[in-house]
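One structure below.
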Amino acid sequence: MEPERLLVTFNAGSSTVKIGLFAREGGTARRIGKGMIDFRDRPLRLELTEGPDHFDIALAAEPGEALDDVLAEAFGRLSWHFDLEAVAAVGHRVVHGGDLFDGPAVINDDTLGKMRALAALAPLHQPQALRLVEAIARMRPQLPQTASFDTAFHRSNADLVRRFALPRALHDAGVKRYGFHGLSCASIASELARRAPRLAAGRVIVAHMGSGVSLCGMEGGLSRDVSMGFSTLDGAPMATRCGALDPGVLLHLLQQKGMSADTLADLLYHRSGLLGVSGLSGDTRELLRSDRPEAREALELYALRIAGEAARIAATLGGLDGFVFTAGVGEHQPQVRAMIAARLEWLGLKLDAAANAANAPVISSPGSAVTAMVIPTDEEQVIADDIMGALGWRG
């Protein structure tokens, strides 16, 4: 590989970081490898895929407030497989860009300060991304870094859609609907335009269903409405997050039950959702295997609320032409997809049972008024493409 032709991407979750390695070829970025570190593991492990080969590498470093040691060791192990001296730039997924960023940005003192100021709005994800940015800056200070914001894709939502029924001064101060999983939505919008351009030009709901869940209503590939609003707690229930909740419940827990803000935050982010309802797990695979009624109830509630958000978003779009399932649950779990689709038959969505069971690209029946698809998302490719655009390398 020629010098300075490698791009590295970091996709930070609340407890994991996905690493993408891309070859810069002219004005494009081509994936050549991927890795993941799960910070819940002890010892830490770097799972690495290079072409058909997969490696499971133990790391001696301990995660702390700073990630310098972890990244230094991970880069050292990656250098056994890739020429990391050829790295030209690093890109990061950053969950919250507020109204400050409407697209990818080169990270400098100004943008870093703005990202830090938004950290309180995404406490599970933003601090982790910032730690990665800061560790790379210390380890390779000469490398340009870029940020790709999950909220940026949804800046095309109308002001009316973004507004809460709160005093106008609060809206003007930033208390509004932002939407998240924008990189995933951008990935699906691009892939849908390639696979089914006529459908992509219409009204499509994308259901990103992983440990986090959000739905995005798109028209002509542009975001028009979202299930997640001000925070990543909103919308449908998730693995451990509650989804939409009557604010009166929060007042009750704070005022009548004496719950502290920190305890409440832990309840809403870490002990609710599928885990809270089932009392068993936040993993849909484990719930599907269980014969406990609580597990079934958690899955039914999950499907009910996702379908409900889809119906609400369809009202914003004025109808529905397509429905795309993506991310871990959406791409790989036919039973969950079938439960959701069954609640949307009134909208004209009918699944082909055999195609759904096979995780086929198109899973709707021939007579379905709504085309249902399963499309893998690739957030790291979006980040790599954003590096090229932000640094002016697209040619």
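This one's a predicted model, so the numbers in the text were calculated from it and none came from an experiment.
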- Is there side-chain contact between Leu48 and Leu78, with heavy atoms separated by less than 4.5 Å? yes

- Look only at the side chain of Glu219 and the backbone of Ala201, and say whether a donor-acceptor pair between them is shorter than 3.5 Å. no

- Is the side chain of Thr151 donor-acceptor paired with the backbone N or O of Gly97 at a distance under 3.5 Å, no angle test? yes

- For the pair Leu118 and Gln126, evaluate side chain to side chain contact (heavy atoms under 4.5 Å, CB included) and give the outcome as yes or no after the intermediate values. CA-CA 8 Å; Leu118 292 164; Gln126 199 96 336; 3.8 Å; yes

- With side chains defined as the heavy atoms from C-beta onward, is the minimum distance between Arg195 and Pro361 less than 4.5 Å? yes

- His270 and Thr240 side chains, donor-acceptor separation under 3.5 Å: no

- Task: Please check if any side-chain donor atom of Thr9 sits under 3.5 Å from a side-chain acceptor atom of Glu380, or the reverse.
- Result: no

- Message: Is the distance between the ring centroids of Phe323 and Phe325 under 6.0 Å?
- Response: yes

- Task: Answer yes if the side chains of Glu50 and His81 hold a donor-acceptor pair under 3.5 Å, and no otherwise.
- Result: yes

- Query: Is there a path from Leu288 to Leu304 through hydrophobic residues (I, L, V, M, F, W, Y) whose side chains come within less than 4.5 Å of each other?
  - Reply: no

- Is there a donor in the side chain of Asp352 and an acceptor in the side chain of Ser365, or the other way round, less than 3.5 Å apart? no

- Item | Carboxylate-amine/guanidinium contact Arg312 Asp225, below 4.0 Å | yes

- Item | Arg241 side-chain N/O to Thr232 backbone N/O, donor-acceptor pair under 3.5 Å | yes

- Message: Using a strict threshold of under 4.0 Å (side-chain N to carboxylate O), is an ion pair present between Asp99 and Arg155?
- Response: yes

- Is the NZ atom of Lys176 crowded by more than 12 outside heavy atoms at less than 6.0 Å? yes

- So does Arg285 have more than 12 non-hydrogen atoms from other groups sitting under 6.0 Å from CZ? no

- Donor-acceptor pair between Asn108 and Thr111 side chains, under 3.5 angstrom: yes

- Message: Could you check whether any side-chain N or O of Thr326 sits under 3.5 Å from a backbone N or O of Ile375, counting only pairs where one atom can act as donor and the other as acceptor?
- Response: yes

- Query: Does any donor atom in the side chain of Asp150 or His125 lie under 3.5 Å from an acceptor atom in the other side chain?
  - Reply: no

- Query: Does Arg394 use its side chain to pair, donor to acceptor, with the backbone of Asp385 at less than 3.5 Å?
  - Reply: yes

- Query: Is the shortest heavy-atom distance from the side chain of Glu25 to the side chain of Thr28 under 4.5 Å?
  - Reply: yes

- Query: According to the interplanar angle, ranging from 0 to 90°, do the rings of His92 and Phe10 count as parallel (below 30°), tilted (30 to 60°) or perpendicular (above 60°)?
  - Reply: parallel

- Message: For Arg337 and Asn359, which I'm curious about, is there any donor-acceptor pair between the side chains at under 3.5 Å?
- Response: yes

- Item | Within one Ile-Leu-Val-Met-Phe-Trp-Tyr cluster: Leu215 and Val206, side-chain cutoff 4.5 Å | no

- Query: Can you check salt bridge (charged side-chain N to carboxylate O under 4.0 Å, His left out) on Asp38 and Arg45, steps first, answer last?
  - Reply: CA-CA 7 Å; Asp38 189 330; Arg45 310 192 72 80; over 6 Å; no

- Query: Can you check side chain to side chain contact (heavy atoms under 4.5 Å, CB included) on Arg30 and Ile32, steps first, answer last?
  - Reply: CA-CA 6 Å; Arg30 177 178 61 84; Ile32 57 174; 3.5 Å; yes

- Find out whether Leu21 and Leu84 are in side-chain contact, i.e. whether some heavy atom of one side chain is under 4.5 Å from a heavy atom of the other. yes

- Message: In the structure I gave you, are the side-chain heavy atoms of Thr49 and Glu47 within less than 4.5 Å of one another anywhere?
- Response: no

- Query: Just by distance, with hydrogens left out, do Glu286 and Ser281 show a side-chain donor and acceptor under 3.5 Å apart?
  - Reply: yes

- More than 12 heavy atoms of other residues, nucleotides or ligands under 6.0 Å from CG of Leu251: is that the case? yes

- Least distance between heavy atoms, Ser223 atom then Ser156 atom: O-OG, 2.7 Å

- Side chain proximity check, Leu100 to Phe149, heavy atoms < 4.5 angstrom: no

- Query: Does a side chain donor of either Asp378 or Ser187 reach within less than 3.5 Å of an acceptor in the other side chain?
  - Reply: no

- Message: Between Phe101 and Lys114, is the side chain to side chain contact (heavy atoms under 4.5 Å, CB included) condition met? List the steps.
- Response: CA-CA 9 Å; Phe101 299 97; Lys114 291 175 179 176; 3.9 Å; yes

- Item | Side-chain ion pair, Arg198 and Asp321, N-O less than 4.0 Å | no

- Tell me, with the steps shown, if Phe180 and His96 meet ring-ring contact (aromatic ring centres under 6.0 Å, His included). CA-CA 8 Å; Phe180 299 93; His96 218 306; 5.2 Å; yes

- Query: Under 3.5 Å, is there a donor-acceptor pair between the side chain of Arg177 and the main chain of Ser227?
  - Reply: yes

- Message: Do the side chains of Arg116 and Glu134 get close enough for a salt bridge, i.e. N-O under 4.0 angstrom?
- Response: yes

- For the hydrophobic clusters of this structure (ILVMFWY residues joined by side-chain heavy atoms under 4.5 Å, transitively), does one cluster hold both Leu132 and Leu130? no

- Would you say the side-chain atoms of Ser184 and His208 include a donor-acceptor pair closer than 3.5 Å? yes

- Query: Should we count CD of Glu345 as having more than 12 external heavy atoms under 6.0 Å?
  - Reply: yes

- Item | Other residues, nucleotides, ligands: >12 heavy atoms within 6.0 Å of Arg224 CZ | yes

- Message: Would Ser278 and Glu294 count as a side-chain hydrogen bond (donor to acceptor under 3.5 Å, both in side chains) here? Give the steps.
- Response: CA-CA 5 Å; Ser278 70; Glu294 297 90 347; over 6 Å; no

- Message: Does any part of the side chain of Phe39, heavy atoms only, come nearer than 4.5 Å to the side chain of Val70, both counted from C-beta?
- Response: yes

- Do you reckon Leu222 sits in the same ILVMFWY cluster as Val226, going by side-chain contacts under 4.5 Å, direct or chained? no

- Query: Taking Glu73 for the side chain and Ala60 for the main chain, is one N or O donor matched with an acceptor at less than 3.5 Å?
  - Reply: yes

- Message: Counting C-beta onward and ignoring hydrogens, is there a side-chain heavy-atom pair between Ile363 and Met373 closer than 4.5 Å?
- Response: no

- Message: With side-chain hydrogen bond (donor to acceptor under 3.5 Å, both in side chains) as the criterion, how do Asp266 and Thr263 come out once you've worked through the C-alpha distance, each side chain's angles and the decisive distance to 0.1 Å?
- Response: CA-CA 5 Å; Asp266 179 62; Thr263 301; over 6 Å; no

- Any sub-3.5 Å donor-acceptor pair from Glu331's side-chain atoms to Thr377's backbone N or O? yes

- Working for side chain to side chain contact (heavy atoms under 4.5 Å, CB included), residues Ile19 and Leu46: CA-CA 10 Å; Ile19 304 169; Leu46 170 63; 4.3 Å; yes

- Message: Treating Ser368 as the side-chain partner and Gly348 as the backbone partner, does any N or O pair qualify as donor plus acceptor under 3.5 Å?
- Response: yes

- Distance-only donor-acceptor check, side chains Ser214 and His181, under 3.5 Å: yes

- Within the distance-only criterion (no hydrogens, no angle test), does the side chain of Ser211 pair as donor or acceptor with the backbone N or O of Ala239 below 3.5 angstrom? no

- Message: Between Arg138 and Asp68, does any NZ, NE, NH1 or NH2 come within less than 4.0 Å of an OD or OE carboxylate oxygen?
- Response: yes

- Criterion side chain to side chain contact (heavy atoms under 4.5 Å, CB included) against Val8, the qualifying member of Leu143, Ile383, Val87: Val87

- Item | Taking every non-hydrogen atom, the tightest pair across Leu349 and Ala372 | CD1-CB, 3.4 Å

- Message: Counting only heavy atoms from other residues, nucleotides and ligands, does the tally under 6.0 Å from CG of Asp172 exceed 12?
- Response: yes

